[in-house]
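What follows is a single structure, written as structure tokens, with notes after it.
In the text below, chain A, chain B and the rest are named by the order of the sequence lines, each starting its count at 1.
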2 protein chains.
Amino acid sequence: MAESSRITARDGMRADARRNRERVLVAARAVFAEHGIDAPMATVARRAGVGVATLYRHFPTRDALVRGAFAQQMETCARALTEALAAPDPWQGFQQLVETVCALQREERGFPAAFVAAFPESTSEHAQSRQRAERDFTTLVRRAQASGALRADFHPSDLAVVLLAHCGLVTALPDDGAASRRLVAYLLQSFRTDPANKALPPPTALTLRSLPTATDSPQGQRPPRA
Amino acid sequence: MAESSRITARDGMRADARRNRERVLVAARAVFAEHGIDAPMATVARRAGVGVATLYRHFPTRDALVRGAFAQQMETCARALTEALAAPDPWQGFQQLVETVCALQREERGFPAAFVAAFPESTSEHAQSRQRAERDFTTLVRRAQASGALRADFHPSDLAVVLLAHCGLVTALPDDGAASRRLVAYLLQSFRTDPANKALPPPTALTLRSLPTATDSPQGQRPPRA
DNA sequence: GTCCAAGCGGACGATTGCGTCCACTTAAGA
DNA sequence: TCTTAAGTGGACGCAATCGTCCGCTTGGAC
């Protein structure tokens with residue numbers, strides 16, 4: 001049989017293979033952040049210091065690479081949900097969850113794009129954990145509503161609305177955390193039953209016009225002026 | 001000089017040229033709606049029933065084509081602002097404005113993408129009308145705040161936040177007007193000083209999971225599964 | 001009807017990205 | 001140390017898109 005007779009590592013990978021895989025992931029995150037998830041595979045390979053073949057062996061499709069690159073972030077999201085459920089005050093948990101996920105989207109460049117790309121996903125493997133996440137979130141919503149803090153007509157699917165909208169925002173204005181914080185604050189506030197009208201974070205410092213100033217924005221190709 | 005001695009039409013274009021230009025614009029809207037604004041120029045030309053050269057003559061860059069294709073929508077936006085300023089109740093005007101623009105983004109496929117693509121824009125030609133639009137909107141905001149209906153800490157730049165977020169949402173969920181309406185309602189509500197807590201439009205009928213169901217979503221290339 | 005410049009279409013070379021194939025290198029068990 | 005299969009790298013063939021060039025067609029003035 002010699003199934004894995006000569007292999008030492010527990011994951012059945014040779015040491016160099018594991019090392020290269022890791023290097024590819026690091027490079028992928030960097031390149032995706034810089035040029036968007038549509039960046040050429042060869043660029044990722046070069047950045048990682050490996051050949052294209054190596055990259056393709058570890059990640060046969062761009063999709064697999066994207067998923068691999070942001071698996072950690074996805075896990076952080078999952079953890080945030082668990083923590084939210086465990087929080088003593090369900091509204092607190094809810095709020096924390098939304099803020100954590102949005103912060104993640106805001107900070108890890110390229111992650112938002114990966115996030116929406118992964119959205120229509122129901123891959124066999126993910127379907128299960130996804131279903132669980134949904135169930136947990138619904139529970140959280142019910143509890144928060146029962147506590148009276150979350151408006152009764154909030155629907156779990158509204159989370160998707162929030163996250164996708166937020167993705168769009170941070171993708172369009174990559175360098176600006178202020179806008180993201182502002183949006184999240186507005187939304188959380190209208191989710192809250194009691195309109196305590198807490199102070200919002202400061203508005204975007206820029207005027208409406210002078211926004212990204214065409215600084216060769218990554219992702220989302222920007223054709224040259226006429 | 002014979003500057004335009006033999007030309008009849010007032011815009012200095014031959015009849016067939018003008019006809020073709022119009023056909024290209026119609027085709028561009030259709031194709032952009034179907035395949036996103038990154039669709040090949042040749043596709044637009046074929047759809048219009050003209051050669052690529054003709055397309056390139058009328059619109060030297062993809063950017064010019066996009067701008068041409070959605071100029072009408074942009075004008076509708078501008079008109080909405082004018083109407084909003086003219087409305088007797090400034091809050092009513094404000095609300096109407098946001099809803100009109102968002103409805104436009106929701107209905108005219110491809111327009112959202114064009115919208116965010118055009119955003120960092122300050123082209124000589126547009127700078128002027130843009131500046132005026134900004135000034136007008138700021139006036140509208142001030143009036144609405146003075147009337148007590150719009151929260152005092154709303155900042156004109158928040159409009160950009162709303163529109164970009166909304167663009168992101170409708171781009172990610174192209175066929176679903178419900179999500180868009182829901183987002184707009186949430187946001188407008190948190191802009192309003194008096195939290196009348198009006199009923200929201202019904203939530204997305206879908207569960208969190210079964211959203212676009214990978215139906216070969218247009219724009220935003222979707223690499224094949226592993 | 002005649003003429004000619006504006007307008008037209010499609011072929012074409014260039015560029016870019018994809019994914020595979022194959023000969024070479026190396027980790028690691030014996 | 002020796003062996004060998006796992007791992008590696010980059011050249012290569014293929015496909016898509018871009019934007020231009022050039023010879024043909026046609027609107028419209030006279």
Side-chain angles (χ1 to χ4, degrees), chain A residues 1-25 27-28 31-32 34-66 68 219 221-226, chain B residues 1-25 27-28 31-32 34-66 68 219 221-226:
Chain A
M1 283 284 93
E3 278 279 301
S4 57
S5 59
R6 33 191 341 138
I7 297 297
T8 267
R10 62 228 162 287
D11 59 359
M13 254 176 155
R14 243 167 61 170
D16 55 344
R18 195 163 44 252
R19 200 183 324 123
N20 274 337
R21 196 191 134 94
E22 212 44 52
R23 290 216 280 166
V24 165
L25 285 178
V31 170
F32 288 160
E34 219 167 300
H35 307 293
I37 46 175
D38 292 337
M41 302 290 264
T43 305
V44 175
R46 199 162 350 104
R47 176 81 153 240
V50 306
V52 260
T54 303
L55 192 162
Y56 277 109
R57 179 152 344 90
H58 289 300
F59 306 97
T61 66
R62 148 174 274 110
D63 208 52
L65 179 58
V66 169
Q219 62 227 51
Q221 50 75 269
R222 166 127 300 290
R225 308 281 49 263
Chain B
M1 279 288 92
E3 278 279 299
S4 57
S5 60
R6 31 190 344 136
I7 298 297
T8 270
R10 63 230 163 285
D11 59 359
M13 254 176 154
R14 239 166 66 171
D16 55 344
R18 194 164 45 251
R19 200 184 324 122
N20 275 337
R21 195 191 135 94
E22 213 44 53
R23 289 217 279 166
V24 165
L25 285 178
V31 169
F32 288 159
E34 219 168 299
H35 307 293
I37 45 175
D38 292 339
M41 300 290 263
T43 305
V44 176
R46 198 160 353 101
R47 176 81 153 239
V50 305
V52 261
T54 302
L55 192 162
Y56 277 110
R57 179 152 346 90
H58 289 300
F59 306 98
T61 66
R62 150 175 270 108
D63 208 52
L65 179 58
V66 170
Q219 61 226 54
Q221 52 73 270
R222 165 128 301 291
R225 311 277 53 261

Compare side-chain N and O positions of Asn20(A) against OP1 and OP2 of dG7(D) and report whether any pair is under 4.0 Å apart. no
Grab the two heavy atoms, one from Ala39(A) and one from Val31(A), that are nearest each other, plus how far apart they are. CB-CG1, 3.5 Å
Can you check the Met41(A) CE to dT16(C) P distance for me, whole Å? 19 Å
What integer distance in Å separates Arg14(A):CZ from dA27(C):P? 7 Å
Can you see if the side chain of His58(B) gets near the phosphate of dC8(C) - specifically, an N or O under 4.0 Å from OP1 or OP2? yes
Got a sec, which residues hit salt bridge (Lys or Arg N to Asp or Glu O under 4.0 Å) with Arg47(B), two or more places apart in sequence or on another chain? Glu34(B)
Salt bridge (charged side-chain N to carboxylate O under 4.0 Å, His left out) pairs touching residues 48-61 of chain A, sequence neighbours excluded, are none
Gap between atoms CG and P, on Asp16(B) and dC24(D) respectively (whole Å): 19 Å
Between Tyr56(B) and Arg19(B), which is nearer to the 5' end of DNA chain D once each is assigned its nearest nucleotide? Tyr56(B)
What are the two closest heavy atoms between Val52(B) and Ala42(B), and how far apart are they? CG1-CA, 4.0 Å
Would one find a side-chain N or O of Arg57(B) under 4.0 angstrom from OP1 or OP2 of dC8(C)? yes
If you check the Arg62(B) side chain, which of dC18(D), dC18(C), dA28(C) turns out closest? dC18(D)
Quick one: list whatever passes side-chain contact (heavy atoms from CB on, under 4.5 Å) with Phe59(A), sequence neighbours left out. Arg21(A), Val24(A), Leu25(A), Ala64(A), Leu65(A)
5' precedence on DNA chain D between Thr43(B) and Arg23(A) (nearest-nucleotide basis): Arg23(A)
Quick one: Leu55(A) CG to dG10(D) C1', roughly how many Å, whole number? 13 Å
Please confirm whether the shortest side-chain N or O distance from Arg21(A) to OP1 or OP2 of dG7(D) is below 4.0 Å. no
Listed pairs, N/O of protein and of nucleotides 13-15 of chain C, under 3.5 Å:
none

When you measure from every atom of DNA chain C, which of residues 46-54 of chain B have a heavy atom less than 4.0 Å away? Gly49(B), Val50(B), Gly51(B), Val52(B), Ala53(B), Thr54(B)
His58(A) and Arg23(A), any side-chain heavy atoms less than 4.5 Å apart: no
Could you tell me which non-hydrogen atom of Phe32(A) sits nearest to which non-hydrogen atom of Ile37(A), and how far apart they are? CD2-CA, 3.6 Å
What is the separation between atom CE on Met13(A) and atom C1' on dT8(D), rounded to the nearest whole Å? 13 Å
Value rounded to 0.5 Å, distance of CG in Leu55(A) from CZ in Arg46(A): 12.0 Å
